[in-house]
Every structure is written in C-alpha cells, then in structure tokens.
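Here the structure is laid out as structure tokens; the discussion comes afterwards.
Throughout, protein chains are lettered first and strands after them, A, B, ... in sequence-line order, and every chain is numbered starting at 1.
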Amino acid sequence: MSHLTDSPIDSDDLVKRVMRPSDGACVVFEGVVRDHHEGKMVESICYDAYRPMAEKEITKILDDIITRFPEVRVEVIHRLGTLRVGEASIVIACSAPHRGEAFDACRTVIDRFKQTVPIWKKERGPSGEEWVGWQK
Amino acid sequence: MSHLTDSPIDSDDLVKRVMRPSDGACVVFEGVVRDHHEGKMVESICYDAYRPMAEKEITKILDDIITRFPEVRVEVIHRLGTLRVGEASIVIACSAPHRGEAFDACRTVIDRFKQTVPIWKKERGPSGEEWVGWQK
Amino acid sequence: MKVRLLYFAVLRDIAGKGEEVIELPDGTRAADVWNRLRAQHRALAGYERPPMTAINETYVAADQVLRDGDEVAFIPPVAGG
Amino acid sequence: MKVRLLYFAVLRDIAGKGEEVIELPDGTRAADVWNRLRAQHRALAGYERPPMTAINETYVAADQVLRDGDEVAFIPPVAGG
C-alpha cells in the first residue's frame, strides 16, 4: 500500500488498520499545517516529493521500527499537494499490547521521517512563498 | 465538560476540540480493551468509577499539564460501563505548536491517570471475572 | 456523628451495596472505619493496611479524623485508562 | 554515458524543469554534476557542498561515480512530516 496520498488523510482508517485484538494501546501522531513558522504567517503549504524514493525510505523506517519494537504495528500516510492551515500532512498510527512501546515507536517514526524521507514543503503566506530549509 | 462518558468515544471530535491554528502537532492516545491480561483471555471489561471524584482528579491532572506544558492543549475522555475487545476505554488528545511537548504531555496524562483517578475495571473471560489490581 | 460510606468496585461486591450511612463516635479516624469493615466482612479480614482513602472526594491519610457529614470512600487499586 | 537528472522542490524552481537527460564523460562523480549545475544556475553558485545525493532512489556519497542509465537526484533539505 502507498504511504503517499493526494487526498485528506483518514486517521480513523489508519487506526483500524493497525489495531489487533491483542493491542491495548494506540498512539496516533498528526502533523498539521500551522499558521506560522519562524515568525512568519503561513496560509498554506505545498508538499512535493520524490515519490518512489520517498516510498522506499518510509518502508525502510517502518521495517526498522518492526525490528526495534517487535510488538508494534505501524502505518503512516503523508499527504502531498497544497494543504491549508489545520489540515494534516502526516498521520502515523502505532498500536501495541502496551502503551510504552507504542509511544516510543510513534515518536521514532516521525523523528526519522523528518530526517530522511525526500519530501519538501513550500510555505505560502502574506510575505510570499519559500521552500522550507533552503538557506539562501 | 465531563471527562466521563457511557457511550463510545469520538476521538475525531476530541482532536477537533484541542486543535488551534497555531498547532502543528497532535498526539492521540487510545487505551483499548485487549483480549488478554496476565495470561488470561479477556472478553470484556466493565469500568466503574467514583464519578465526581474521578472528574476532580482528571481536572487536577489537566491543570498540572497546562502548568508544566503551557503550549499544550489537552482533552481526555474515559468511558465507563461494559466494553468489548477493541473498544477504546480512554482517549487523550494533546495538541501543541511542536511535537515534542505534545508527545510528552500525552504520555504524562496517561501515566498519571493510571495512578490517581478512581476508576476500576472488572475483567470478564472464560475463566470468570475479576477486579484488576485487587490481590486476593 | 454520622458519615456516609461509599463502596466501589471490589468493595461494593463485598459489601453488597453501594453506600450506607453509619453512626460513629467523635474522634473516629478513617483507618478505624476500615478496621470495622474488616471485622464485618471476612473477605477483608486479611487487609490490615487500608487502601487509599478519600474524604469528600479528596485523597487523605488513613489517620485523618472524620467529621459529621463526611463522605468516606476506600479506593481499591485504581485501574483506569 | 547518459544519466537522467531529476529536479525537486527548490531545484526544480531554479532549473525550471523537473528532469532532463544529460551526456557525461565516463568517470563523472555525483559531485561533478552538482558543480555543473552551480555553473549553469547563478542561484546555486554559492553552494559548494552538494546537498544529499540519491542515485537510483538511494542515498549515496557525493563522490560516487555515475554509470550509464543512472537516475540522479540532488535532495534539498527534506521537510516532510
């Protein structure tokens, strides 16, 4: 299944896909477009990706999670295209028999995601638009 | 608003209630009835509470969270009555501008909840029923 | 004096009721009420140390002296979440 | 040899296109392609160090030697999530 989508993310569906009868905990992380970044107002964000490579890098992260947290089940979806303030860009769901590993796994996924997955964002606001992270 | 309910919990609604336009992250914890506990099969769990005191203890936890994580907004709902495997007994939603404090706050809420809030559960399964935590 | 005693969870099952009003001599402490329950219910006889105790919906120490009209609840190990 | 060069995000804006096929001498390294881009686009002139580099959808070191048919992408700082 693809980890990238051009449509709004259904986080309930993601939760349903990870939960097994043996799971007592589910931790969900939602990354959401917020109205400011480094002091500037943000109205929308356009996400771009190197799609096939992003899929591969996400799969690597999830494979590592399963190795490190064998009791966890995890799913992640990242949305691409233009998103407005309040819309979710990423949803990660981690279920496990106990909550500790669900929290740890979920946080590990988002931390690693932000380091290696080839996805970029262009912020748009009253002061123009800018690719985040690119030092001019 | 009450933090206790006798009906299924709508976690989407909880997320909507905590999210502000300035929030870039939302962490949701769902505690779910699982099919086993300490080696025994579980079919359902009946939750009982000292309702007015539970409300007070939950409010104390949430007040402490706001003091400790001033940027976080948090909501929590615990369900009472009989729940089957796979149903959520508690949902906690924490939003914040950045993810670190949303994760930390969410975990702190559930850890403290399990220590002080006067709620009890009776597990029911093929081998009978038992109040969890009561050493006979 | 009179206090209202609430029973929850395993204690409700053991007492066979959810609450009762009991008459107590002045100066009675929460732990004294617990010992009275142990004397009444064989299932509690072995529990010398009272569980967490709440008076008027607030946790208190077991040696807290009760006052007329107090609402007393012994809190079995909590298991919410 | 020929390689396919992909442009993403800020690099797509700067290059004005999403991809192109370029002809390169044997032995060309990824970093050489980056220097070629710096020579072509004033906006990149100041960036001596290449960004993270991917060949055939896998991160590689900048001194990796390219082979005919490779798909090369320079990866500006990622900002997903």
Between CG on residue D/Leu37 and CZ on residue D/Phe74, distance to nearest 0.5 Å: 6.0 Å

Pairwise distance CG(A/Leu14) to CG(A/Asp10) - rounded to 0.5 angstrom: 8.0 Å

A/Ala105: partners by side chain to side chain contact (heavy atoms under 4.5 Å, CB included), with sequence neighbours left out: A/Ile65, A/Phe69, A/Val72, A/Cys94

Verdict with reasoning, D/Ile22 to D/Val33, per side chain to side chain contact (heavy atoms under 4.5 Å, CB included): CA-CA 10 Å; D/Ile22 56 176; D/Val33 179; 4.1 Å; yes

A/Asp12/A/Lys16 ion pair, N-O < 4.0 Å: no

Which atoms of A/Ala49 come close to chain D, meaning under 4.5 Å heavy atom to heavy atom: side chain ones, backbone ones, both, or neither? backbone

Using a plain distance cut of 3.5 Å, could you tabulate donor-acceptor pairs between chain A and chain D?
from	atom 1	to	atom 2	distance (Å)
A/Tyr47	OH	D/Gly81	O	3.3
A/Asp48	OD2	D/Ala9	N	3.1
A/Asp48	OD2	D/Arg12	NH1	2.9
A/Tyr50	OH	D/Glu71	OE2	2.5
A/Lys56	NZ	D/Glu57	OE1	2.9
A/His78	NE2	D/Gly81	N	2.9
A/Ser89	OG	D/Gly81	O	3.0
A/Thr116	O	D/Tyr59	OH	2.4
A/Ile119	O	D/Ala79	N	2.7
A/Ile119	O	D/Gly80	N	3.4
A/Trp120	NE1	D/Pro76	O	2.8
A/Lys122	NZ	D/Asp13	OD2	2.9
A/Trp131	NE1	D/Asp13	OD2	2.7
A/Trp134	NE1	D/Tyr47	OH	3.4
A/Gln135	O	D/Tyr47	OH	2.1

Using the side-chain contact (heavy atoms from CB on, under 4.5 Å) definition, which of the options A/Ile77, A/Asp13, A/Val28 pairs with A/Val91? A/Val28

